[in-house]
Amino acid sequence: MAVGLLTACGTQERADSGKAAKAEGFPVTVTNCGVKTTYEQPPERVVTIHQHPAELLLALGLEKRMVGTAFPDSAVLPEYREKFEAIPELSKKEPSFENVLEAEPDLVYGGYSSAFAEKTGRSRAAFEKAGINTHLNREYCEGAKSATMKDVHTEIRTLGEMFGVSDRAEKLNAELRAKVDAVAKKVENEKPLPVFVYDSGDKSAFTAGGRGLGTEIIRLAGGKNIFADVDEVFADVSWEQVIDRKPEVIAIYHYAGSGSVESKKKFLLSQPALADVPAIKNKRFVVVPLTATLVGVRPPYAVEDLAKALHPERFE
């Protein structure tokens, strides 16, 4: 009983202290995917579900406020790896509602809409009922249009406001813009190379359509997504369509659970119907982590990496 009383008193003291020392610029009100949230103070205990929200918070220097991560689906960027590994991992996939509650967060930040899947008990309403705020990466708001690099900068700016680190957010945005601008300058006079994105599939090809950020990444890197005219983020297309559009480069999307890169290459190279496709004849592949194509800190890095693969002579 004494322990319980001490814990309760300690909690009240922290709450009273927080009220007395309200952070500058707060309260902040954010409307996210139709959910309006007022932050009286910057979040102090954050759980991220999916990798790209975690990397965004790390890029903003917020690792001390992170009490749990979940669902890593590719290798973490080297500059954040040590800090990422120091944060408890709640689950290899989306954690249960109970797992999240055990971390005692005041904010849950999800990357994909599945972070707050109602059928799993992790709805945003359920977290609200438990007194926990939620934020969903803007790319997956219901009814969201095509994702662009502008969404990257807007998401970062919004997080800066929520956490009271707007100066860091603007600095990060400036660094990411400079990275993309430097690449654009190198490839500005190059003829865009036709690129086919291969995610998965055998009887048909599951590829990136024009609504995903991947299409803009390819464009900024000096390429052209051959299925940019497909009005979807992802879609199935026929192999006949791939053959007709003659891609010169194949970008293989890689993520946990999608099969190895080598197995995907082996499959593509083993198909007789694809033998005359330029990218297959020249064995011209580039690997793109799926997380690099999502609204987060990675897309500008992806632009640079892809440009070096498409136009290596411009980076010698």
Side-chain angles (χ1 to χ4, degrees), residues 10-70 76-77 79-88 90 100-101 103-111 115-116 124 127-128 130-141 149-179 294-300:
T11 301
Q12 186 60 48
E13 286 172 7
R14 287 195 297 272
D16 291 342
S17 174
K19 290 176 184 176
K22 184 169 287 189
E24 184 178 349
F26 283 77
V28 167
T29 298
V30 172
T31 299
N32 166 245
C33 302
V35 177
K36 188 174 183 180
T37 303
T38 297
Y39 297 89
E40 298 294 338
Q41 293 275 67
E44 292 291 338
R45 296 183 60 83
V46 187
V47 165
T48 59
I49 302 177
H50 304 119
Q51 189 170 329
H52 47 299
E55 289 186 339
L56 261 180
L57 296 187
L58 292 173
L60 289 169
L62 297 170
E63 62 275 4
K64 291 182 179 178
R65 304 192 199 184
M66 298 170 68
V67 296
T69 65
V76 179
L77 287 171
E79 55 264 52
Y80 307 132
R81 191 169 299 149
E82 185 176 348
K83 292 177 180 178
F84 181 84
E85 290 175 351
I87 301 164
L90 306 185
V100 177
L101 292 188
E104 299 182 343
D106 55 11
L107 174 68
V108 179
Y109 180 16
F116 302 118
R124 297 186 74 173
F127 281 116
E128 182 181 14
I132 300 168
N133 291 323
T134 55
H135 187 84
L136 177 61
N137 188 295
R138 62 187 292 107
E139 184 175 4
Y140 283 87
C141 293
M149 206 65 76
K150 181 179 179 182
D151 289 300
V152 171
H153 300 301
T154 301
E155 184 77 1
I156 291 170
R157 191 175 302 114
T158 300
L159 292 174
E161 294 170 358
M162 286 167 52
F163 285 88
V165 292
S166 290
D167 54 340
R168 297 185 203 172
E170 292 311 313
K171 181 181 178 182
L172 178 60
N173 271 336
E175 290 172 353
L176 296 179
R177 284 194 189 95
K179 184 180 287 289
L294 303 170
V295 169
V297 72
R298 285 183 181 240

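Please read these numbers as outputs of a predicted model, since none were measured by experiment.
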Got more than 12 heavy atoms from elsewhere within 6.0 Å of [atom1], [X]?
| X | atom1 | value |
| --- | --- | --- |
| Glu175 | CD | yes |
| Lys83 | NZ | no |
| Glu79 | CD | yes |

Over all atoms of both residues, closest heavy-atom pair of [X] and [Y]:
| X | Y | value |
| --- | --- | --- |
| Ile132 | Val108 | CG2-CG2, 3.9 Å |
| Glu40 | Pro27 | OE1-CB, 3.6 Å |
| Pro299 | Val152 | CG-CG2, 4.0 Å |
| Arg157 | Ala169 | CA-CB, 4.3 Å |
| Pro43 | Leu107 | CG-CD2, 3.8 Å |
| Ala23 | Pro42 | CB-CD, 3.6 Å |

Is the shortest side-chain heavy-atom distance between [X] and [Y] below 4.5 Å?
| X | Y | answer |
| --- | --- | --- |
| Leu60 | Phe163 | no |
| Val30 | Val28 | yes |
| His135 | Thr158 | yes |
| Gln51 | Val76 | yes |
| Val165 | Asp167 | yes |
| Arg65 | Leu57 | no |

So how far is it from [X] [atom1] to [Y] [atom2], rounded to the nearest 0.5 Å?
| X | Y | atom1 | atom2 | value |
| --- | --- | --- | --- | --- |
| Arg81 | Glu55 | CZ | CD | 10.0 Å |
| Thr48 | Asn137 | OG1 | CG | 11.5 Å |
| Tyr109 | Thr134 | OH | OG1 | 12.0 Å |
| Ile156 | Lys171 | CD1 | NZ | 13.5 Å |
| His153 | Leu172 | NE2 | CG | 9.0 Å |

note = Which of Leu90, Val46, Asp106, Val47 passes side-chain contact (heavy atoms from CB on, under 4.5 Å) with Val67? It is Val47

key: Name of the residue among Thr37, Asn133, Asn32 meeting side chain to side chain donor-acceptor pair (under 3.5 Å) with Arg124   = Asn32

task = Evaluate the side-chain contact (heavy atoms from CB on, under 4.5 Å) criterion for residues Glu155 and His52: first the C-alpha distance (whole Å), next the side-chain angles of each, then the deciding distance (0.1 Å), finally the verdict.
result = CA-CA 12 Å; Glu155 184 77 1; His52 47 299; over 6 Å; no

inquiry  = Please check this pair: side chain of Gln41 against backbone of Phe26, looking for a donor-acceptor N/O pair closer than 3.5 Å.
reply    = no

query = Hey, is the main chain of Val295 close enough, under 3.5 Å, to the side chain of Arg138 for a donor-acceptor pair?
reply = no

message = Side chains of Thr38 and Thr29: any donor to acceptor distance under 3.5 Å?
response = yes

message = Run Glu139 and Asp151 through side-chain contact (heavy atoms from CB on, under 4.5 Å) and show every step you take.
response = CA-CA 7 Å; Glu139 184 175 4; Asp151 289 300; over 6 Å; no

request  = Starting from the C-alpha separation in whole Å, work towards a yes-or-no answer on side-chain contact (heavy atoms from CB on, under 4.5 Å) for Leu62 and Leu159.
outcome  = CA-CA 10 Å; Leu62 297 170; Leu159 292 174; 5.9 Å; no

key: Steps toward side-chain contact (heavy atoms from CB on, under 4.5 Å) verdict (Met66, Leu58)   = CA-CA 9 Å; Met66 298 170 68; Leu58 292 173; 3.8 Å; yes

